[in-house]
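Given the structure is predicted, the values throughout are model-derived calculations rather than measurements.
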Amino acid sequence: MSLLIKVLDNLSFLIRVLSFGRYFDVIALCTSIKLHQLVCFVQGNFDSLASSGVSGQETSTDGLVLSNSEVYTNHTTEADDLSYYKKRKRYGRLGLVRVFSRGKKKSADLKDRPLSLSSDGDNDVSDLVQIWQVNKTIPISQWKSSAVIAFLHVHLQMPMYTDRCMENVKSGKVLADMSDIELSKSLGIISYMHRRKIRLAIEDFRHPASIKYPKMGDIDHHFVAHDWLTHVGLSQYSFTFETQMIDGRLLTAMTRKDIEKYLNITSKPHQDSILLGVELLKHLGYDREVLGKRKEKCDEYDHDPLVWSNERVIRWCDSINLKEYSSNLRSSGVFGALLVLNHSYGPEELAECLNIPVEKTAVRKHLVGELSSLMINASSPYGNNVYVSPLAHRG
């Protein structure tokens with residue numbers, strides 16, 4: 001009886017793998033149990049078997065008669081069978097499926113490592129998040145390999161470097177002592193901005209007491225590339241910022257020269273808007289919740305222009321009867337902090353951005369009055385006192 005069950009089990013597996021078109025799996029199985037007649041049958045009749053298996057029909061095995069002696073005369077031992085199934089489990093499916101899944105091999109192989117991301121990813125990412133929550137308050141010199149991986153994957157959101165990191169960086173102390181050149185070689189980081197992002201984060205964790213803005217590390221590159229740039233009115237640069245993975249630390253460290261060299265933003269007004277957008281984040285302590293709440297409060301009323309987004313400035317222009325020109329502010333980099341913090345930016349500069357013709361003197365004069373009125377009651381970014389912009393003293 002046990003012999004019959006084993007035969008049926010092998011035949012059941014054969015039909016099952018045929019239904020998925022795994023021809024080479026069948027050949028491997030047949031060879032491993034020395035079913036020579038079955039091998040010949042599969043090689044000669046694979047197409048018909050596969051089609052019937054996929055359609056759910058019963059697969060006919062007429063003409064294939066195997067006695068118990070033929071099946072098991074030269075059968076391998078149970079230890080060999082176990083070895084085969086272990087190998088099959090380790091290396092996965094064979095044939096064309098293996099060819100098209102080469103890109104997933106690394107993530108699948110990582111399952112055997114102490115810490116990694118498997119093909120499904122969800123459970124492993126959850127584990128990394130937990131590891132990071134435990135280790136983020138621990139000195140970087142005490143981090144183990146798992147904490148370093150969590151630092152890269154969860155905190156910096158740079159999972160593309162975790163494979164090389166697992167191979168070459170075994171502790172936080174090793175990571176902290178790496179030079180820029182060593183980071184490039186050990187992690188395979190070509191981008192200068194990516195290396196700089198990691199270096200800035202490492203310095204924060206090496207000297208946590210010297211961090212001026214504790215919430216700066218919460219500003220990830222996704223927020224910068226989409227939410228922050230949209231607020232500033234420069235969403236056309238989102239792809240560049242996301243590719244370079246510009247986060248809060250890197251954004252704050254960049255100079256005008258860096259913006260032009262590494263982000264290829266040559267427009268001086270746009271550079272001004274980016275730098276003033278950073279100043280806004282500093283005034284708010286890099287707190288996204290504070291920014292969101294203040295924006296919400298002034299969404300319906302014309303106050304607190306410091307936190308106005310580019311879209312809010314456009315709506316304000318619509319409300320003061322400049323709808324004919326307001327659409328010209330889109331992707332211009334004109335937003336609330338530019339109006340409040342840049343004392344050299346006044347009604348004339350705004351009129352130029354709105355593309356109001358010089359001969360429209362009445363329209364320009366109207367803009368001067370409305371903007372001056374708005375700026376007089378602008379909230380001070382330096383405290384609770386009323387912030388009076390030099391714009392209020394202009395004629």
Side-chain angles (χ1 to χ4, degrees), residues 226-241 255-257 259-260 263-281 283 291 294-295 297-382 386-395:
H226 300 285
D227 299 87
W228 182 79
L229 277 178
T230 299
H231 177 91
V232 172
L234 295 174
S235 57
Q236 65 268 35
Y237 300 118
S238 290
F239 179 77
T240 301
F241 272 69
T255 63
R256 188 183 295 272
K257 185 178 180 180
I259 294 172
E260 183 170 350
L263 302 181
N264 198 30
I265 300 176
T266 57
S267 169
K268 300 300 182 184
H270 290 182
Q271 293 173 8
D272 290 339
S273 296
I274 291 172
L275 294 173
L276 287 167
V278 175
E279 288 300 312
L280 172 63
L281 290 175
H283 291 314
L291 176 61
R294 286 181 62 172
K295 287 172 64 176
K297 287 181 179 179
C298 65
D299 191 57
E300 300 293 334
Y301 304 98
D302 293 342
H303 67 88
D304 200 9
L306 175 68
V307 296
W308 282 13
S309 65
N310 173 256
E311 184 63 31
R312 182 65 181 88
V313 173
I314 291 173
R315 286 196 286 115
W316 173 75
C317 290
D318 291 343
S319 70
I320 61 172
N321 301 317
L322 294 177
K323 193 170 184 178
E324 179 183 353
Y325 308 102
S326 62
S327 61
N328 294 319
L329 293 183
R330 298 192 187 281
S331 301
S332 65
V334 175
F335 66 117
L338 176 68
L339 302 177
V340 176
L341 299 179
N342 188 358
H343 298 172
S344 64
Y345 193 92
E348 292 182 4
E349 288 74 19
L350 182 57
E352 291 297 322
C353 289
L354 287 166
N355 201 21
I356 300 176
V358 179
E359 58 271 17
K360 297 278 188 177
T361 54
V363 177
R364 285 182 170 242
K365 187 175 181 179
H366 169 68
L367 176 61
V368 170
E370 293 291 343
L371 188 58
S372 297
S373 177
L374 178 67
M375 290 297 106
I376 287 175
N377 296 319
S379 298
S380 171
Y382 304 100
V386 175
Y387 176 72
V388 181
S389 168
L391 180 63
H393 302 291
R394 296 181 184 179

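- Shortest non-hydrogen contact noted between Cys298 and Val307 is SG-CG2, 3.8 Å.
- The closest side-chain heavy-atom distance from Leu371 to Leu350 is below 4.5 Å.
- Side-chain contact between Trp228 and Leu281: present, with at least one pair of heavy atoms (C-beta onward) separated by less than 4.5 Å.
- Glu279 contributes atom CD, which lies 11.0 Å from atom CG of Asn342 (distance to the nearest 0.5 angstrom).
- Within the 4.5 Å cutoff, side-chain heavy atoms of Arg364 are placed close to those of Val358.
- Side-chain N or O atoms of Glu260 include none that pairs as donor or acceptor with a backbone N or O of Lys257 at under 3.5 Å.
- Between Pro347 and Val368 the shortest heavy-atom distance is CB-CG2, 3.5 Å.
- Evaluation of the ring pair (Phe, Tyr, Trp, His ring centres under 6.0 Å) rule for Tyr237 yields His270 as partners, not counting sequence neighbours.
- Atoms CG and CG, on Leu306 and Leu291 in that order, are 9.0 Å from each other to the nearest 0.5 Å.
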**Request:** Before giving the answer on side-chain contact (heavy atoms from CB on, under 4.5 Å), spell out for Tyr325 and Val363 the whole-Å C-alpha distance, their side-chain angles and the decisive distance to 0.1 Å.
**Result:** CA-CA 11 Å; Tyr325 308 102; Val363 177; 4.1 Å; yes
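- Atoms OG and CD1, from Ser273 and Ile265 in turn, are 10.0 Å apart once rounded to the nearest 0.5 Å.
- Minimum heavy-atom separation, Tyr301 to Trp308: O-CZ2, 4.3 Å.
- Leu280 contributes atom CG, which lies 7.5 Å from atom NE2 of His283 (distance to the nearest 0.5 angstrom).
- Here the NZ-CD distance, from Lys295 to Glu311, works out to 10.5 Å after rounding to the nearest 0.5 Å.
- Among residues two or more places apart in sequence or in another chain, the salt bridge (charged side-chain N to carboxylate O under 4.0 Å, His left out) test is passed with Asp302 by Arg312.
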Determine all donor-acceptor pairs shorter than 3.5 Å in which one atom belongs to a side chain in residues 331-341; sequence neighbours excluded.
residue : atom : partner : partner atom : Å
Ser332  : OG   : Leu329  : O            : 2.4
Ser332  : OG   : Val334  : N            : 3.3

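- Gln271 and Ile259 get closest at one heavy-atom pair: CG-CG2, 4.0 Å.
- Side-chain N or O atoms of Ser373 include none that pairs as donor or acceptor with a backbone N or O of Gly369 at under 3.5 Å.
- Interatomic distance, CG of Leu322 versus CD1 of Ile314, reported as 12.5 Å (0.5 Å rounding).
- For the pair Gly233 and Gln236, the tightest heavy-atom approach, listed with the atom from each and the gap, is O-OE1, 4.0 Å.
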**Request:** Show your working on side-chain contact (heavy atoms from CB on, under 4.5 Å) between Arg256 and Ile274 and close with a plain yes or no.
**Result:** CA-CA 9 Å; Arg256 188 183 295 272; Ile274 291 172; over 6 Å; no
